[in-house]
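Worksheet for the structure shown next.
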Amino acid sequence: MSGQRGNSLCSWHKLSLLVSSLLFVYISSINSVPLDEQRDQGPETYSEYYNYDQLTVLLKSLAQKYANIANLTSIGRSVENRELWVMRITKEPTADVPGKPKFKYVGNMHGDETVSRQVLIYLLEYLLEKYGEEPRVTELVDSTDIYIMPSMNPDGFEKSKEGDCTGKDEGRNNAKNLDLNRSFPDQFEEIHVNAEDIPEGTAVMRWILQNKFVLSGNLHGGTVVASYPFDDSVAHDTEGTYSRSPDDALFRYLARVYAENNPVMKTGQPKCVENINETFEDGITNGAKWYDVAGGMQDFNYLKGGCLEITMELSCCKYPPSSQLKTEWDNNQEALLAFMEKIHIGVRGFVRAARNDAPLADAVIMVAGINHNVSTSRFGDYYRLLLPGTYNITVLAPGYIPMSVAGVEVTEGKAAVLNITLEAENDENSPTETSVYSASTDSSSSSSSTGVNKAADEEKDSRVTVQPQDFRHHHYNDMQLFLQKFSSDYSSITRLYSIGKSVQGRLLWVMEISDNPSVHELGEPEFKYIGNMHGNEVVGRELLLNLIEYLCRNYGTDPEITQLINSTRIHIMPSMNPDGYEVSQEGDISGVQGRNNTNNYDLNRNFPDRFNFVTDPRQPETLAVMNWAMSYPFVLSANLHGGSLVVNYPFDDNLDNVSGYSKSSDDDVFRMVALAYSQENSQMFDGHSCKEMDLYQEYFKDGITNGAAWYNVHGGMQDWNYVNSNCFEVTIELGCYKYPPAADLPKYWEKNRRSLLQFIHQVHRGVKGMVIDSKDGSGIPNATITVDTVNHPITSNTAGDYWRLLYSSVSTFVNVPKEGAEIVNFTLTRIHSYTNGQTTEDTTPILDPSLKEFQSLIKQLSGESGLDKLIKDTHTQSSFRYRRYSEVSEFLRGLTLNFPEITSLQSLGQSVEFRTIWALEISNNPKVQEPSEPKIRFVAGIHGNAPVGTELLLEFAASLCINYGKNAAITRLINETRIVILPSINPDGRELAKEKDCTSTAGMTNVHGKDLDNDFFGNASQRAAEPQPETSAVMDLIQERGFTLSVALDGGSVLVTYPYDKPVQSVENADTLRYLATVYAKHHPIMHSGDTGCPNSQMGTIPNGVLRAAEWHSHMGSMKDFSVDFGHCPEITVYTSCCLFPPAAMLPTLWAENRKSLLSMLVEVHKGVRGVVKDKSGKPIVGAIIVLNGGVRVFTSEGGYFHALLAPGLHSIEAVADGYQQQSQKVSVSPFEAASSIIIEFDMENDIFGLPRELVVASAAAAMTALVVTACIIWCVCSAKSNRQKDGFHRLRQDQDDYDDEIRLMSVGSKKSLLSHEFQDESESDEDTLYTNKL
């Protein structure tokens, strides 16, 4: 009994425990914060570091507890997928509101510098806890939009170890071992970092650019000092070079604010063990003077984000023991708060439109004398930090009249308030002048509205500009230093770049001047000046240097200069012929010494000409300018010369080669822009160019002339610009003295200053706008814009914007103003196809997001700089050398072993000497046939003595594999493409070839002495012998018919050829083949110029670097002819270098030249037209023939898929399948977009033998019925007759039970289908005929 009671009690206790446990779990489950995310919210102990998980829990808890002023977000993730947390602290933390400047602190950028991480945690805890208690904190939070990122490098922090003071445990860098503070774009140095390797840096850059932060601090460790911009200099000296920013005084003040409030920092003597004697005056230092840092974050903030940032080094020990954390917080608490409060100094206000008081976003705020601008937010508010003083401030906004306000007083303490109202440029009903130019200041400003307006009026009446002071002749080194100095001093509006080199290797410098240098801004025209084309005509060179100085020094103070730079992207090349200049002589009046380049060619007779063939070899200076002109959307240009005084406009020559007016289609426009220059130069406008010199008695009415009316010039630059680009160019002769004394240069500047500016203004004349796709609102590149009555179309830029200079007049449709440009936007509806003669709009169903994203990628990569960015993002270091067969095989096997998920290696066969001919496939499913994906073939080594192609393809394959999964674009291209690479199809010949022998034929053939490129014959009747084993292996691959494009690499020149190689016969799709060759050549830095540069070249200049193969070396049996005829795949041949077997040291250069072109083929293979052929029931039709433009045929594969490349334009497509009605469509192909998929649905054939199907079927049924009836009658008659005459018959073989009568029916013959007869031609191969019969 007692035992049973004991068991009952035990059971009862167990039940009670279970109920209690369930109740506890239930109570826990209803808590707002999960158990694993709860933390004791007691007072901060300042005694431990928080790892990533602890930090995450803490921040989430704080955000929830103080939701009224705190909002936690992540701006991205680290390499190891940790969130980059940012706590926003302000009133209304989830909304952007006007009137609150944005501040940020970033910590732990270097993972092992951990004090910054902890003090920022303490700071945000302090702000949240003290809000509403301490007035100072409350005011700061209410008036400031504060963002705090405790850790920018959480991965590095997790690797670091407490107590490591010097960073030896490698937590400094991110998980890709990259220093985040060396990975930002830099003003003085190109930074090569893959975005995928620095997701932390990429996220922060995006965060900076998306928010108009005003002030920022970047917290580090390793010493104790406040460092301010710039962090590096153009010289990149290791240390000791002070790199001054335009806001240097302000930066010094801000740095001192922090240092003075840190008890250790303010001493200037951190006494760190690593450098015990290091000192910093006032506890601050200029970054570059301390040590040079390229790619730093603080400079990026200032130059690209408009945000003033300094870097605070908080402790000598990078990761001190946690016991020191309280001391570090005490040292930095006041400094952190005091620095934040400085966001409210200077001047602030709103910029609004006069008409409706609407806020103006992105209006530019410029302060005279400080070459650094800020801009307004979307609410129209701005914040310009300034030291106490009196300032002249100018405000500009696109489409509005700029306003300058003089005498704005900034005092200690809170910012002066300056609200600006701007009048629209074309607003005739705008308010009065007083309301347009209004400014108001609060009590902190000592300037009244009346005083400000009066000062503004005075400034409008008397504008003071800074003139160039240093007039002298600049030799090359002097000019180069001048350009570098102004590029450094005015880095926010300038970019110095080189477009190439002269014969003697001097860089051809160009200075870009724009409010956003290095960026083409939508709708902003691009302008260029070129000087010193003739080396001894030097005035233009010096005037352009004067102009650079004038524009830079007056930006932000002179409204005209400021508006011109803000609205125009200006490119200035002071010297196109620096070699000629160096041999010219001062005092030369009309001589020729130095006129030509070092090779003694006149550069202004060296451009392709529309009337006369220029036989002189294209010079490097000419090629550089041609490439430059085609790389930017220039609208207007001037070429500055000397020897007369006149503006000369196209055309420069004529067909008859005699002096006489040669009018262009835009003659009125050219006269307009020429007069704009001459009218501002009184001596030029007078028309008597050189009346003081007896040698010249020329007269030019109004100081302008048509070029050919003056004298004929063949191969001139201005005509080439007009004929080959969208750019209008004139030639300006600046004076009769070619190389005047330096003492005369100020007079030349004074006479031409206004002319130079007025001519730039002309770029804004006429019509401009956007060509927009109505479907998605994106810009349409390469759209043609024509003007009625003017036979000179121009095209839209990559982004869809265009500019068309026009003479001031009124047309039927557009009113062209005398000043400024009329904005005319075009919205176009894409024509998807013309089905059986009926036009249909694009009714393509909504794409799934993945496909739409891929089409966007193709469009992006097809743009002006798409491939350049891709290459920059996939920068790899390679060790180039030539590999023999065994090494090639090992290399290919290595790729398949290291990248098995995307590679497959296949043997196509063997050479004569039994070497394997390898084919490497790169795809996301390399062993699976995916007919819906285009398939591209890269082939090299058909001639063993030209092995460059082999090495390029091996490097190409490695680059693709290595970047798969790391670079998004490369990954997507591989996922959507089947890439087949044949690196060497003549391995035997390669073994015999001789390195560094540019002309040797050793190894050109296979070991049987057969040139394999003469061995591809499809018809047996054309072949004298059996194909070589190498040829046979490749022919089998080609005849698989699944390829969309093939690219073969060879050597011996620098050009691209397209079929046919065989003489006489023209190829049906010549336009498409020529276009594909042109795409490859245009992405090659040398090839597209048409000048091979090869010794003993007999071809001269090859237009666009592209040639029909038969015009190069005609022969029968070529691989690309076979590919076109029997593989139905277009193939081009690329000749990669003049030398057949150049030294291995040349391989990196050749790779750099061809890499972009090879990638362009991966993009191009996704264009053209693609689709599916099926019947009404949806069943795909395999083997249907797609006839392109009545000639070229492609066949549908498994699933009914087809894909064909076509040149841009409108094309007709016919689809034919046996037993179905023929279908026809017209499709539009864009050079920038992926192929749109079309669906072709077949109906059953209604006609049989030319008669309606119903009639034929009825007739056949009637005939069969009659036949059956007749047979029955005959049988009945015969049966009756047999019974009556039975005795008249005798049984044969009476002893045999069965009698077998064997009848053999032989039917031999072939009948071709209607399909084959319809498209058979005399050149069709036996193989084609056989294939058609099998359909």
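Side chains are part of it too, since the values below use all heavy atoms of this structure and drop only hydrogens, waters and symmetry mates.
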I'd like to know if the side chain of [X] pairs up with that of [Y] as donor and acceptor (distance under 3.5 Å, no hydrogens or angles considered).
{"X": "His764", "Y": "Thr568", "answer": "yes"}
{"X": "Asn654", "Y": "Ser662", "answer": "no"}
{"X": "His534", "Y": "Asn604", "answer": "no"}
{"X": "Asn606", "Y": "Thr622", "answer": "yes"}
{"X": "Asp588", "Y": "Asn536", "answer": "yes"}
{"X": "Tyr661", "Y": "Trp710", "answer": "no"}
{"X": "His714", "Y": "Asp653", "answer": "yes"}
{"X": "His641", "Y": "Asn648", "answer": "no"}
{"X": "Ser678", "Y": "Asp702", "answer": "no"}
{"X": "Asn726", "Y": "Thr795", "answer": "yes"}
{"X": "Asp652", "Y": "Asn712", "answer": "no"}

Can you tell if the side chain of [X] reaches within under 4.5 Å of the side chain of [Y], non-hydrogen atoms only?
{"X": "Tyr802", "Y": "Thr784", "value": "no"}
{"X": "Tyr1135", "Y": "Met1087", "value": "no"}
{"X": "Arg753", "Y": "Leu547", "value": "no"}
{"X": "Val763", "Y": "Trp803", "value": "no"}
{"X": "Glu542", "Y": "Pro574", "value": "no"}
{"X": "Glu621", "Y": "Val625", "value": "no"}
{"X": "Phe728", "Y": "Val669", "value": "yes"}
{"X": "Trp509", "Y": "Met573", "value": "no"}

I'd like to know if the side chain of [X] and the backbone of [Y] have a donor-acceptor N/O pair within less than 3.5 Å.
{"X": "Glu537", "Y": "Gly642", "answer": "yes"}
{"X": "Asp686", "Y": "Gly703", "answer": "no"}
{"X": "Ser796", "Y": "Asn782", "answer": "yes"}
{"X": "Asn1069", "Y": "Thr1072", "answer": "no"}
{"X": "Glu680", "Y": "Leu756", "answer": "no"}
{"X": "Asp602", "Y": "Arg595", "answer": "no"}
{"X": "Glu549", "Y": "Pro468", "answer": "no"}

Distance (rounded to the nearest 0.5 Å) between [X] [atom1] and [Y] [atom2]:
{"X": "Asn597", "Y": "Leu603", "atom1": "CG", "atom2": "CG", "result": "5.0 Å"}
{"X": "Ile1132", "Y": "Tyr1075", "atom1": "CD1", "atom2": "OH", "result": "11.5 Å"}
{"X": "Met684", "Y": "Ser755", "atom1": "CE", "atom2": "OG", "result": "6.5 Å"}
{"X": "Leu655", "Y": "Asn657", "atom1": "CG", "atom2": "CG", "result": "9.0 Å"}
{"X": "Lys501", "Y": "Leu623", "atom1": "NZ", "atom2": "CG", "result": "15.0 Å"}

Cation-aromatic face contact Arg1108/Tyr1058, 6.0 Å, 45 degrees: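 Negative - Arg1108 is either too far from the ring of Tyr1058 or too far off its axis.
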Is it true that [X] and [Y] make a salt bridge, defined as a side-chain N closer than 4.0 Å to a carboxylate O?
{"X": "Arg569", "Y": "Glu512", "value": "yes"}
{"X": "Asp579", "Y": "Arg506", "value": "yes"}
{"X": "Glu733", "Y": "Lys738", "value": "no"}

Derivation and outcome, side chain to side chain donor-acceptor pair (under 3.5 Å), residues Ser665 and Asn791: CA-CA 6 Å; Ser665 299; Asn791 184 25; 4.7 Å; no
Verdict with supporting geometry, Lys747 and Glu750, salt bridge (charged side-chain N to carboxylate O under 4.0 Å, His left out): CA-CA 5 Å; Lys747 292 186 293 186; Glu750 190 54 39; over 6 Å; no
Tyr722-His792 aromatic ring centre distance below 6.0 Å: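 Yes: the rings meet the under 6.0 Å criterion.
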Check: His571 ring centre within less than 6.0 Å of Phe527 ring centre: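 Centroid separation for His571 and Phe527: 6.0 Å or greater.
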Arg541: salt bridge (Lys or Arg N to Asp or Glu O under 4.0 Å) partners, not counting sequence neighbours: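 Partners of Arg541 by the salt bridge (Lys or Arg N to Asp or Glu O under 4.0 Å) criterion come out as none, since no residue qualifies.
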Under the salt bridge (Lys or Arg N to Asp or Glu O under 4.0 Å) test, residues paired with Arg618 that sit two or more places apart: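 By the salt bridge (Lys or Arg N to Asp or Glu O under 4.0 Å) rule, Arg618 matches no residue at all.
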Steps toward side chain to side chain donor-acceptor pair (under 3.5 Å) verdict (Asn1104, His1088): CA-CA 5 Å; Asn1104 301 316; His1088 74 278; over 6 Å; no
Summary of ring pair (Phe, Tyr, Trp, His ring centres under 6.0 Å) pairs that have at least one residue in residues 575-606, sequence neighbours excluded: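 Only His475-Tyr581, Tyr581-Tyr739 qualify under ring pair (Phe, Tyr, Trp, His ring centres under 6.0 Å).
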Aromatic ring pairing Phe607/Trp720, orientation class (parallel under 30°, perpendicular over 60°, tilted between):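 The rings of Phe607 and Trp720 sit tilted, inter-plane angle from 30° to 60°.
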Salt bridge (charged side-chain N to carboxylate O under 4.0 Å, His left out) contacts in which one or both residues fall within residues 658-676, not counting sequence neighbours: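 For residues 658-676: Asp666-Arg804.
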Residue pairs fulfilling salt bridge (charged side-chain N to carboxylate O under 4.0 Å, His left out) with at least one residue in residues 722-731, sequence neighbours excluded: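 Pairs touching residues 722-731 that pass the test: Lys528-Glu729.
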For Pro746, all residues meeting side chain to side chain contact (heavy atoms under 4.5 Å, CB included), sequence neighbours excluded: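 Counting only residues at least two positions away or on another chain, Pro746 forms a side chain to side chain contact (heavy atoms under 4.5 Å, CB included) with Phe471.
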Audit row: His688, Gln683, side chain to side chain donor-acceptor pair (under 3.5 Å) steps and yes/no: CA-CA 8 Å; His688 295 280; Gln683 186 179 353; over 6 Å; no
